[in-house]
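Let me begin by handing over the structure; questions about it come next.
Side chains included, hydrogens not; waters and symmetry mates left out as well; all remaining heavy atoms used. Residue indices begin at 1 and follow the sequence shown.
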Amino acid sequence: VKAAVLLLLMTGLRLLRGVIVRAPSQVGTTATTSGVRSYGQYPQNEEPIDVYANIPLDVRRSWNCSGCGWKECSKQRVEFDEKLMTCFQRWANVTEELNILSVPIFGSLIAAYYRNATMMHWEYDHDVWVWVHDVVALIDHHTMYNEKHNGESWIEIIEGDWDKKIEDKKQKIMRVARFHYLLSRKHGPYSSAYMDIVPMYPDACDPQHNMSHCRQLVESDEYTTVEFYNKKYQSIAVSKSEVFPLQSCYVNGVHATCPAKPAQILSHLYSGKDVATPDHTLNETTGCWMGV
């Protein structure tokens, strides 16, 4: 962490457009002649980067977040960001207990790969894949889990056709469950930090008719593609080699396992949209993270 902060100070960069700079040891290759940075392995940062470290304390104290809500306000998000990190850790405990594979996607994968393992300060949830057959374990476990933890954290099962591969996007459901961690105060409609649980499917798997067959395909490694829905609810099938073998990664200080080829997976998830470049910039006058 100290090395990363020192690098920022020495180069004089001020987190322009919200970009968090990686130390040279964390980057696979240096910037190319075209000015495009290439990324290599996931940065193994066991703690999130302090993105405000090179901004003077008196400037940060003056922020009033005028012009933005709590989700984009750097001062009001302190508690929420801590709970969002705890939410990921609690979910990791659940997956370990149930022996469920969990893979960060969407904003969580962007953080793990492009943002020095640090969640963007305008994000308000995590997203992970689980195998579709492991949803059954969540359904079987959620009532007991919720009773045990008495509202501090809970598993919400989303009603819908998560167990079907349906081409009509109006009938599709992106997430199958949410894992919540209670906030000590309400943030508008958000009373919890949460994680969306999204299914992925091995090829030749028809979960509607034979969920055990889906599990068998995965456990015997008898599949060649992985299928999932992207941000536009389009069904995507990619080579297994884009996802596996999973790589060690971190998301806000929590260890996870991430796809083998994150840039390709993110391109599929966001339909080719550039997610390496942040879409928010910090207004250093108000302390707001503003969309660009």
CE-CD distance between Met120 and Glu72, expressed to the nearest 0.5 angstrom: 13.0 Å
Any side-chain heavy atom of Leu217 within less than 4.5 Å of one from Glu222? yes
Is it the case that more than 12 heavy atoms not belonging to Asn99 sit under 6.0 Å from its CG atom? no
SG to SG, are Cys205 and Cys214 under 2.5 angstrom apart? yes
Return the minimal non-hydrogen interatomic distance between Asn283 and Thr286, and the atom names on each side. OD1-N, 3.2 Å
Do Leu138 and Ile197 have side-chain heavy atoms sitting under 4.5 Å apart? yes
Tell me if a side-chain donor or acceptor on His255 pairs with a main-chain N or O of Ser248 at a distance below 3.5 Å. no
Tell me if the SG of Cys288 lies under 2.5 Å from the SG of Cys68. yes
Donor-acceptor pair, distance only, cut-off 3.5 Å: does the side chain of Ser267 make one with the backbone of Ala263? no
Given the rule that I, L, V, M, F, W and Y join up when any side-chain heavy atoms are under 4.5 Å apart, are Val51 and Val275 in one cluster? yes
Same cluster for Tyr181 and Val130 if Ile/Leu/Val/Met/Phe/Trp/Tyr side chains link at under 4.5 Å? no
Hphob cluster co-occupancy, Ile105 + Val243, side-chain heavy atoms under 4.5 angstrom: yes
Using side-chain heavy atoms (C-beta onward) and a distance below 4.5 Å, is Asp279 in contact with Lys273? yes
In Å, rounded to the nearest 0.5 Å, how long is the span from CD of Gln264 to CG of Leu269? 12.0 Å
Are the side chains of Tyr250 and Pro43 in contact, using a 4.5 Å heavy-atom criterion? no
Tightest non-hydrogen contact, residues Leu109 and Pro104, listed as CB-O, 3.6 Å
Is there less than 2.5 Å between the SG of Cys258 and that of Cys249? yes
Looking only at heavy atoms, which two atoms of Lys232 and Ser271 are closest? And how far apart? CD-OG, 3.6 Å
Could you check whether any side-chain heavy atom of Asp221 comes within less than 4.5 Å of a side-chain heavy atom of Phe244, counting everything from C-beta outward? no
Parallel, tilted or perpendicular: ring planes of Tyr145 versus His141, cut at 30 and 60 degrees: tilted
Kindly determine whether Asn252 and Phe88 satisfy side-chain contact (heavy atoms from CB on, under 4.5 Å), including the steps that lead there. CA-CA 9 Å; Asn252 269 27; Phe88 200 109; over 6 Å; no
For the CG atom on Asn150, are there more than 12 heavy atoms of other groups (residues, nucleotides or ligands in this structure) within a distance under 6.0 Å? no
Evaluate the side-chain proximity of Tyr42 to Pro259: yes if any heavy-atom separation is below 4.5 Å, no if none is. yes
Could you give the distance from OG1 (Thr95) to CG (Asp134), rounded to the nearest 0.5 Å? 10.0 Å
Straight-line distance of Trp70 CH2 to Tyr124 OH, nearest 0.5 Å: 9.5 Å
Kindly compute the distance separating CD (Glu123) from CZ (Phe106), expressed to the nearest 0.5 Å. 11.0 Å
Which of parallel (below 30°), tilted (30 to 60°) and perpendicular (above 60°) describes Trp154 and His180? parallel
If I compare all heavy atoms of Pro245 with all of Gln247, which pair ends up nearest, and what's the gap? O-NE2, 2.9 Å
Verdict with reasoning, Leu266 to Tyr114, per side-chain contact (heavy atoms from CB on, under 4.5 Å): CA-CA 11 Å; Leu266 286 168; Tyr114 286 124; 3.7 Å; yes
Rounded to the nearest 0.5 Å, what separates atom OG in Ser74 from atom CH2 in Trp289? 8.0 Å
Using the side-chain contact (heavy atoms from CB on, under 4.5 Å) rule, take Met119 and Ser108 through it: C-alpha gap first, then chi angles, then the decisive distance, then the call. CA-CA 7 Å; Met119 285 292 289; Ser108 302; 4.2 Å; yes
Minimal non-hydrogen separation, Ala276 against Arg115, with atom names: O-NH1, 2.9 Å
Polar contact flag, side-chain donor to acceptor under 3.5 angstrom, Trp91-Ser102: yes
Aromatic plane relationship, Phe228 with Trp129 - under 30° parallel, 30 to 60° tilted, over 60° perpendicular: tilted
Ignoring hydrogens, what is the shortest heavy-atom contact between Lys83 and Leu182? Give both atom names and the distance. NZ-O, 3.4 Å
Give a yes or no on whether Met290 and Phe80 share a hydrophobic cluster (residues Ile, Leu, Val, Met, Phe, Trp, Tyr; joining criterion: side-chain heavy atoms under 4.5 Å apart). no
Is any side-chain heavy atom of Leu101 closer than 4.5 Å to a side-chain heavy atom of Val218? no
Is the closest basic N to carboxylate O distance between Lys240 and Asp203 below 4.0 Å? no
Under a 3.5 Å threshold, yes or no: a donor from one side chain and an acceptor from the other, between Thr118 and Asn116? no
Return the set of residues passing salt bridge (Lys or Arg N to Asp or Glu O under 4.0 Å) with Arg90 (not counting sequence neighbours), or none when no residue passes. Glu152
Flag side-chain contact, heavy atom, 4.5 Å: Val103 against Met200: yes
Under the side chain to side chain donor-acceptor pair (under 3.5 Å) test against His268, which residue among Gln234, Lys231, Glu242 passes? Glu242
Take His121 and Tyr52, measure what side-chain contact (heavy atoms from CB on, under 4.5 Å) needs, and give me the verdict at the end. CA-CA 11 Å; His121 291 263; Tyr52 308 111; 3.8 Å; yes
So, His280 versus Trp122: side-chain donor-acceptor pair below 3.5 Å or not? yes
